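This report concerns only the one structure given below.
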Amino acid sequence: MTGETTGGTTGGASPAPSPASPVRILLCDDHVVVRAGLLALLGSEPDIEVVGEAGSGEEAVVLADRLTPDVVLMDLQLGEGIDGVEATRRIAADGTVHVLVLTTYDTDADITRAIEAGATGYLLKAERPEELFAAIRSAAQGRTTLSAPVASRVMARMRSPRPSLTDRERDILAQLSQGLGNRDIARALFISEATVKTHLGRIYDKLGVDTRAGAVSVAKEQRLLP
């Protein structure tokens with residue numbers, strides 16, 4: 001059952017965390033068993049209080065506004081409805097509630113989307129409890145915390161320059177991401193199919209792929225799409 005936990009605050013803004021007041025947490029995960037496990041785990045820490053649970057992104061947004069927790073512990077994949085990234089974007093929009101992503105997904109695309117949406121930190125579910133507790137306390141103070149594998153991926157991306165595409169190649173890539181075939185791309189951009197094929201070959205070489213799906217996937221990870 002989702003919603004406010006027993007004894008949770010029902011509304012109004014809360015003061016910033018202090019030694020005398022625990023960090024107030026809202027859990028968001030679509031798996032009841034996972035939420036129950038986190039509730040039990042976090043209950044062992046006297047300076048952390050779970051004030052609510054959400055089983056969907058929409059519910060998390062509503063409860064975050066109602067309960068104004070210090071930190072929302074957010075999964076990324078939430079079944080039907082908005083995903084964790086969109087929920088993070090809505091919750092973090094006004095800057096009063098911090099979102100700490102807790103997930104099993106560590107692809108470049110997931111990490112980038114979550115951070116761009118406003119997540120304060122990104123933690124993997126494989127982390128030790130002590131790491132989770134520390135990340136929650138850091139997030140409550142607005143400090144960024146990343147799991148070691150996530151931090152490594154972020155650093156690797158920063159060190160690797162993005163492929164340099166021409167404006168025309170970007171146009172074709174954008175059309176490609178919409179599922180258009182060569183003929184439709186040619187019509188949309190007022191060029192010949194032969195020209196589209198030539199540009200696609202160059203795009204594949206620059207992105208290190210050999211399929212249309214691969215090109216779109218890498219383009220999303222590298223943030224090459226508009």
Side-chain angles (χ1 to χ4, degrees), residues 1-11 14 16-19 21-92 96-107 110-111 113-115 117-151:
M1 180 177 180
T2 57
E4 303 166 33
T5 58
T6 302
T9 304
T10 57
S14 61
S18 69
S21 61
V23 177
R24 305 171 68 254
I25 302 293
L26 170 64
L27 301 178
C28 181
D29 196 295
D30 61 331
H31 293 98
V32 177
V33 173
V34 173
R35 294 202 307 271
L38 285 171
L39 189 61
L41 181 65
L42 297 176
S44 67
E45 292 298 290
D47 64 334
I48 296 177
E49 177 188 6
V50 177
V51 297
E53 300 176 48
S56 69
E58 289 86 352
E59 189 175 15
V61 173
V62 171
L63 288 177
D65 181 63
R66 181 190 306 166
L67 302 174
T68 58
D70 301 308
V71 178
V72 176
L73 212 52
M74 178 74 69
D75 192 12
L76 290 185
Q77 301 298 327
L78 299 172
E80 297 182 359
I82 64 174
D83 63 6
V85 172
E86 179 58 29
T88 294
R89 181 176 291 106
R90 297 183 188 182
I91 292 171
T96 59
V97 177
H98 299 293
V99 179
L100 175 60
V101 171
L102 181 64
T103 185
T104 58
Y105 302 92
D106 65 345
T107 67
D110 286 322
I111 296 168
R113 291 177 63 231
I115 292 175
T120 299
Y122 197 109
L123 220 61
L124 299 179
K125 289 181 178 178
E127 293 290 353
R128 295 177 301 160
E130 294 77 12
E131 296 293 335
L132 174 59
F133 301 151
I136 287 174
R137 296 176 183 117
S138 292
Q141 297 177 30
R143 297 202 304 264
T144 299
T145 299
L146 303 174
S147 286
V150 174

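Note that these values count all heavy atoms, side chains included, but never hydrogens, waters or copies made by symmetry. Everything numeric in this text was worked out from a predicted model, so none of it was measured.
- Remark: Thr120 pairs with His98, Ala139 by the side chain to side chain contact (heavy atoms under 4.5 Å, CB included) rule, at least two apart or across chains.
- The two residues Leu26 and Pro69 have their closest heavy-atom pair at CB-CG, 3.8 Å.
- The two residues Glu127 and Ser147 have their closest heavy-atom pair at OE2-OG, 2.7 Å.
- Residue Tyr105 places its OH atom among 12 or fewer non-hydrogen atoms of other residues, nucleotides or ligands, all under 6.0 Å distant.
- Put simply, CG on Leu100 and SG on Cys28 are 12.5 Å apart, with the number rounded to the nearest 0.5 Å.
- The salt bridge (Lys or Arg N to Asp or Glu O under 4.0 Å) check on Glu58 picks up nothing, with sequence neighbours excluded.
- For Asp47, the salt bridge (Lys or Arg N to Asp or Glu O under 4.0 Å) partners two or more places apart in sequence, or in a different chain, are Arg137.
- Separation of atoms CG (Leu123) and OG1 (Thr103) is listed at 10.5 Å; rounding is to 0.5 Å.
- Atoms CG and CG, on Leu102 and Leu124 in that order, are 8.5 Å from each other to the nearest 0.5 Å.
- Annotation for Asp75 and Gln77: closest pair OD2-O, 3.4 Å, computed over non-hydrogen atoms.
- You'll find the side chain of Val71 reaches within 4.5 Å of the side chain of Val23, heavy atoms only.
- Not a single salt bridge (Lys or Arg N to Asp or Glu O under 4.0 Å) links Asp110 to another residue, sequence neighbours left out.
- To the nearest 0.5 Å, atoms CG (Asp106) and CG (Leu76) are separated by 10.5 Å.
- For the pair Leu73 and Leu132, the minimum side-chain heavy-atom distance is below 4.5 Å.
- For CD of Glu130, the number of neighbouring non-hydrogen atoms (other residues, nucleotides, ligands) closer than 6.0 Å is greater than 12.
- What you find for Pro46 and Pro22 is that their closest heavy atoms are O-CB, 4.1 Å.
- Side-chain atoms of Leu27 and Leu42, non-hydrogen and from C-beta on, do get closer than 4.5 Å to each other.
- At a threshold of 4.5 Å between non-hydrogen side-chain atoms, the residues Ser56 and Asp30 do not count as touching.
- With contacts defined as side-chain heavy-atom distances shorter than 4.5 Å, the pair Arg24/Ile48 does not qualify.
- In terms of the side-chain hydrogen bond (donor to acceptor under 3.5 Å, both in side chains) criterion, residue partners of Thr96 (sequence neighbours excluded) are, by chain and number, Asp94.
- Residues passing the side chain to side chain contact (heavy atoms under 4.5 Å, CB included) test with Val34 are Asp29, His31, Leu38, Lys125, sequence neighbours excluded.
- When all heavy atoms are compared, the tightest approach of Gly118 to Thr88 is C-CG2, 4.1 Å.
- Smallest separation of non-hydrogen atoms from Ala114 and Val101: CB-CG2, 4.0 Å.
- We find that Arg113 and Asp83 are joined by a salt bridge, their nearest charged nitrogen and carboxylate oxygen being less than 4.0 Å apart.
- Rounding to the nearest 0.5 angstrom, the gap separating the CD1 atom in Ile25 from the CD atom in Glu49 is 9.5 Å.
- Looking at Phe133 and Leu41, their side chains come closer than 4.5 Å, going by heavy atoms from C-beta outward.
- Within the 4.5 Å cutoff, the side chain of Thr145 has no heavy atoms near those of the Ile136 side chain.
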